[in-house]
Each structure stands twice: as C-alpha cells, then as structure tokens.
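Here's the structure, in structure tokens; my notes come after.
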Amino acid sequence: MAHSTRTASLTIDGKTYELPIHSPTAGPDVIDITKLYAQAGVFTHDPGFTSTSACDSQITFIDGDKGELMHRGYPIDQLAEKSHYLEVCYLLLYGELPSAAELEKFETTITRHTMIHEQMHNFFRGFRRDAHPMATMVGVVGAMSAFYHDSTDTNDAHQREIASHRLIAKMPTIAAMAYKYSIGQPFVYPRNDLDYASNFLRMCFAVPAEDYVVDPILARAMDRIFTLHADHEQNASTSTVRLASSSGANPFACIAAGIACLWGPAHGGANQACLEMLKEIGSVDRIPEFIARAKDKNDPFRLMGFGHRVYKNFDPRATVMKKSADEVLDLLGVENNPLLQIAKELERIAVQDDYFIEKKLFPNVDFYSGIILEAMGFPTAMFTPIFAVSRTVGWISQWKEQLADPAMKIGRPRQLYMGETLRDYVEIENR
Ligand code: ACO
C-alpha cells in the first residue's frame with residue numbers, strides 16, 4: 001500500500017481524530033479507518049459498501065465514470081481484441097503476460113486438468129433431473145473439496161497452485177455436465193486437442209450419436225465472453241469469495257460461495273433475467289409499457305441488463321460485446337429473430353430516454369452476452385453458469401492475492417443496531 005503523510009480530520013463532540021489517507025496508483029484516495037473504533041469508539045456505516053475499500057489489490061482497476069476496465073494495467077478492449085482467455089487467466093493469476101513458453105506450459109497444464117474425478121458423475125446423478133445448472137454447480141464445486149483432498153490446504157503454496165489450475169480447468173466441464181444433466185443427455189468428456197472455448201462448446205452441444213463441429217467464429221465469440229467476464233475487482237461474488245476465504249475455508253468451498261452469490265439477478269443472473277424480460281415483453285410495440293414500468297417508483301420492475309453499480313457512463317465490456325454480437329448474428333443469420341429486434345429497439349429507446357440518461361443507466365455487458373448466447377443455442381438457464389466459468393479465474397486470482405496479503409484478517413463487518421434493547425423474557429402464558 002502506498003502510504004502518505006496526508007490525513008483527514010474527523011471531529012466528534014469537539015474531539016478531533018486524524019485518519020491516514022492512502023493514495024492508490026489509480027483511483028480515488030482512501031481514508032484509513034481501521035483504528036477509528038479503538039480511538040473514537042464509533043463505527044462507520046456503509047450498507048452495500050458503496051464508499052468502502054476492503055482490501056489492497058493489484059489485479060483489476062475500474063474507473064466507472066470514464067468507463068475504463070484494466071487487468072494488471074492492460075485495457076479490456078486490447079485484451080479482448082489481441083489476447084485470448086487462457087492468456088488473460090495467466091495475466092490475472094501471475095501479474096504479467098506470459099512468454100510463449102510460459103503460455104504453452106500453462107495451456108498444457110489447464111488442458112490436462114479438464115477431466116473430473118469419475119466418481120463425481122454419481123454426485124451429479126443425485127440432483128433432480130431438471131435441476132437448474134447453477135444449483136448443480138454450487139453443489140458440485142463445493143463437493144470438489146471432498147474429491148480433491150490434496151489441494152484444500154490454503155497454507156501450502158503448492159496446493160493453492162493445484163487448486164487454482166483444477167478450478168479453471170474443470171469449471172467448463174462441470175458447467176457442461178450440469179447442462180447435459182438438466183436436459184437428460186449423456187455427459188461429454190473434454191478433448192485435449194481443442195482450445196478452452198471450443199472444448200466447452202463441444203461438451204455442451206455434442207452427443208454420442210453426432211459430434212459437434214465448432215465454428216471458429218463461435219469459438220472466438222465464446223472466448224470473448226469468457227475474457228470479458230474474467231474479473232471485475234471487488235464485485236459481490238468476488239467479495240463473497242474473499243469473505244469466505246478470510247476464515248481459512250478451502251478454495252472449493254470459497255468458489256462455491258462465489259457461484260451462489262453470482263446466481264442473483266442483480267449480479268450474474270442478470271443475463272438470464274434480461275433474456276426472460278425480452279421474452280416477457282414479447283413484441284416491439286409493448287416496449288413503451290415496460291419502459292414506463294421501469295420508471296414507476298411504485299413498480300419494482302427494472303430493465304434487466306441496464307445499469308451498473310460502478311459504470312455510470314458506459315460499460316467498456318458492453319462495447320466489445322456488442323461488436324461480438326453483430327459478428328455472431330451475422331454468421332448465424334438470425335438478425336430477424338424477434339427477441340433481438342426487441343433488444344435493439346429497447347436499447348435505442350432507453351439510451352434516448354431522460355430517466356435513463358439522468359440516472360446514467362446504459363446497457364451493461366449482460367444485455368449483449370445474453371443475446372449472443374441465445375443465438376449460439378444456449379438456453380437462458382446456462383447464461384449464469386457460463387458467467388461462473390469465466391469469473392472463476394478472477395475469484396481465484398483475488399483469493400490467491402488475499403492469502404498472500406499480510407494484512408489479511410477475518411472479514412467481520414459491524415452493524416448499526418436498531419433492535420430492542422435489554423428486556424426480560426416473558427413466559428409463554430403471559431404473551
Ligand atoms: N431499470 C430501471 N431503473 C433502474 C435500473 C434499471 N435497470 N437500475 C437502477 N435504476 C434506478 C433505481 O431505481 C434508482 O432510482 P432512484 O434513484 O430514483 O431510487 C437509481 O436508478 C439508482 O439505482 P440503484 O439500485 O441505487 O443503483 P445500484 O448501483 O445499487 O444498482 C444495479 C446497480 C444492481 C446493477 C441496478 O442498476 C440493476 O438492478 N440493474 C438491473 C440488473 C442488471 O442488469 N444487473 C447486471 C449488473 S452487471 C453484472 O453483474 C455483470
């Protein structure tokens with residue numbers, strides 16, 4: 001952490017406290033309140049952590065106002081254009097772009113870890129036949145700690161490394177198996193001669209009776225979806241992983257916690273919710289009705305795929321994703337698909353509407369990723385599992401960083417207690 005001699009003064013009841021200010025390499029300064037309770041006997045209050053930094057990190061930087069996203073200093077649009085997912089995984093995990101030899105070794109390692117323990121197949125079969133793939137993934141990833149005992153010791157650097165490789169390598173296999181199980185098709189084993197994205201597409205769409213030949217444009221689009229979702233600094237699921245890990249929990253349990261958090265419609269579930277919303281809208285002429293509902297304070301309805309906690313100008317991932325959507329739709333010749341027509345019209349109206357302009361609500365990455373995945377043939381239930389596959393490397397990189405941080409403490413927020421104060425127990429007959 002870059003320490004400075006600057007301080008912020010806080011005066012409470014006439015007494016002044018000096019709080020150190022830390023300057024990051026990029027982004028706003030941070031007021032250090034770690035000693036505040038000890039010195040002044042007060043807590044700070046920040047539900048949703050909108051103004052609170054919880055850790056030092058060197059992995060990802062976002063400037064929400066400028067619409068910037070960088071991994072280890074490299075802008076996301078350059079990575080999406082010039083790099084590919086496994087190279088970005090290496091960058092996130094180890095801090096630098098790999099040499100050709102390092103990349104080859106890393107890709108080989110990941111490829112060789114894609115199969116899962118054969119006994120895990122039985123574990124899958126315990127789920128209800130139509131279980132949501134996210135439900136299966138939360139369970140199966142958590143259960144990895146029961147199958148891979150030799151990589152659960154977080155104090156052992158070698159075990160941490162193996163757990164990282166296993167999670168990145170096996171997550172597509174697990175997501176594809178969760179999908180196959182949910183539609184009653186046999187599991188498809190990974191193939192080592194395919195790249196990460198092609199292998200995933202094949203595991204999802206091949207059947208024993210007929211192989212699936214991966215189109216390079218679709219493989220590239222899949223790889224881009226993985227790349228664009230790889231990490232996003234201290235978002236809800238990543239913070240969940242860090243919080244779970246702060247107690248010393250094993251990596252598989254921590255990533256299962258991240259998957260559970262990602263599932264919510266305000267986070268990773270937004271791409272599924274967005275496509276479902278497009279289906280509910282049903283036709284272009286009903287759009288005004290839904291826009292009116294989104295603006296109505298008394299209606300809980302929100303336009304899914306619009307808005308972001310951090311990006312208040314545009315989502316830089318959405319710009320790349322939009323381009324990718326055009327390529328895929330062009331290839332598949334589905335530009336007349338009614339859902340896509342609704343999506344395009346919704347985007348056109350919303351970005352001109354005063355409510356959305358004033359509140360800085362723009363289409364986010366999930367607005368376009370859902371459209372691409374739908375065109376590729378994925379059902380909406382697979383959208384969030386695909387996000388989970390992509391984000392695994394981000395979770396793992398942040399988890400590794402936290403474990404190496406000497407300042408790491410168990411995460412334990414305080415509260416503003418507004419409940420009853422002390423009162424005596426009332427016997428049941430007197431209530
Ligand atoms: N549609 C309509 N109004 C909205 C929307 C929306 N999608 N998003 C925010 N608003 C309004 C809110 O009602 C609020 O209005 P108010 O100031 O009059 O009360 C204002 O904009 C600010 O909204 P907050 O909820 O305070 O903003 P926050 O930063 O907490 O929420 C969030 C961000 C959760 C992403 C929100 O915009 C949302 O629910 N969007 C839809 C879900 C979605 O697409 N999530 C994907 C996020 S991207 C990702 O996870 C990869």
Side-chain angles (χ1 to χ4, degrees), residues 46-52 60 62-65 67 69 71 76 80 134 224-241 258-278 280-281 287-322 324-325 343 346-347 349-373 380 383-395 398:
D46 184 18
F49 311 115
T50 53
S51 300
T52 298
T60 293
I62 301 172
D63 185 325
D65 294 325
L69 165 62
H71 295 317
I76 191 66
M134 279 302 272
R224 267 211 192 123
I225 288 179
F226 288 152
T227 303
L228 291 174
H229 289 89
D231 190 47
H232 214 229
E233 52 117 310
Q234 310 311 322
N235 58 85
S237 57
T238 302
S239 298
T240 301
V241 170
I259 296 173
C261 177
L262 185 76
W263 196 356
H267 190 9
N271 49 15
Q272 170 168 353
C274 175
L275 244 284
E276 279 162 2
M277 176 193 75
L278 296 179
E280 196 193 338
I281 296 176
I287 292 176
E289 178 196 324
F290 282 81
I291 299 245
R293 281 187 61 195
K295 294 195 229 172
D296 182 355
K297 276 222 153 295
N298 300 317
D299 189 329
F301 174 78
R302 285 186 167 200
L303 273 193
M304 288 292 137
F306 280 78
H308 198 274
R309 167 57 64 78
V310 179
Y311 296 121
K312 298 298 178 195
N313 187 349
F314 67 95
D315 179 344
R317 303 165 302 170
T319 317
V320 184
M321 201 65 96
K322 188 176 184 206
S324 214
L346 190 62
E347 179 197 6
I349 297 176
V351 299
Q352 293 172 356
D353 189 293
D354 284 348
Y355 174 92
F356 291 89
I357 295 169
E358 258 165 42
K359 296 197 183 298
K360 302 188 169 173
L361 301 169
F362 296 83
N364 58 47
V365 67
D366 288 328
F367 186 73
Y368 299 106
S369 65
I371 294 171
I372 301 179
L373 293 172
T380 48
F383 292 5
T384 321
I386 289 169
F387 193 161
V389 171
S390 327
R391 185 54 57 84
T392 297
V393 68
W395 291 330
Q398 303 266 353

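Numbering of ligands and ligand atoms starts at 1, following listing order. Only heavy atoms go into these numbers, but all of them, side chains included; no hydrogens, no water, no symmetry mates. Keep in mind that what you see is a predicted model, and the values were worked out from it rather than measured.
Ranked by closest heavy atom to atom 11 (C) of ligand 1, the top entry among Phe290, Tyr355, Phe301 is Tyr355. One option in Gly64, Ala266, Ala350 has a heavy atom closer to atom 47 (C) of ligand 1 than any other, and that option is Ala266. For atom 27 (O) of ligand 1, the candidate residues are Lys359, Lys312, His232; the nearest heavy-atom contact is made by Lys312. Closest heavy-atom approach to atom 12 (C) of ligand 1 among the candidates Arg302, Arg391, Arg317: Arg302.
Between the side chain of Asn364 and the backbone N or O of Gly307 there is at least one donor-acceptor pair closer than 3.5 Å. Between the side chain of Asn235 and the backbone N or O of Glu233 there is at least one donor-acceptor pair closer than 3.5 Å. Of the possible donor and acceptor atoms, one in the side chain of Asp315 sits under 3.5 Å from a partner among the backbone N and O of Val365. Using a distance-only test at 3.5 Å, with no hydrogens or angles considered, no donor-acceptor pair links the side chain of Thr50 to the main chain of Asp46.
In this structure, Lys360 has no heavy atom closer than 4.0 Å to ligand 1. Proximity of Phe367 to ligand 1 is not established, as no heavy-atom distance is less than 4.0 Å.
Residue Leu303 has at least one nitrogen or oxygen atom sitting less than 3.5 Å from a nitrogen or oxygen atom of ligand 1, judged on distance alone. Checked by distance only, ligand 1 and Val365 stay at 3.5 Å or farther apart across all their nitrogen or oxygen atoms. At least one N or O atom of Phe306, backbone or side chain, sits closer than 3.5 Å to an N or O atom of ligand 1.
Aromatic ring orientation, Phe290 versus Phe301: perpendicular (interplanar angle above 60°, classes split at 30° and 60°).
Side-chain rings of Phe314 and His308 stay apart, their centers remaining 6.0 Å or farther from each other.
Separation of atoms CD (Gln272) and OG1 (Thr384) is listed at 5.0 Å; rounding is to 0.5 Å.
The closest protein non-hydrogen atom to atom 4 (C) of ligand 1 is Leu361 CD1, 3.5 Å. In terms of protein heavy atoms, atom 18 (O) of ligand 1 is closest to Lys297 NZ, 2.7 Å. Remark: minimum distance from atom 30 (O) of ligand 1 to any protein heavy atom is reached at Arg309 NH2, 2.9 Å. Looking only at heavy atoms of the protein, atom 48 (S) of ligand 1 is closest to His308 CD2, 3.4 Å. The protein heavy atom nearest to atom 46 (C) of ligand 1 is Ala270 CB, 3.3 Å.
The two residues Ala294 and Phe356 make their nearest non-hydrogen contact at CB-CZ, 4.1 Å. Here the closest non-hydrogen pair linking Gly258 and Thr240 is N-CG2, 4.3 Å.
Remark: ligand 1 atoms within the under-4.0 Å shell around heavy atoms of Gly305 are 43 (C), 44 (O). Near Phe387, meaning under 4.0 Å from one of its heavy atoms, ligand 1 places the atoms 51 (C). If you number the atoms of ligand 1 from 1 as listed, the ones under 4.0 Å from a heavy atom of Asp366 come out as 46 (C), 48 (S), 49 (C), 50 (O), 51 (C).
Contacts between Lys295 and ligand 1, counted as non-hydrogen atom pairs separated by less than 4.0 Å, are absent for every part of the residue.
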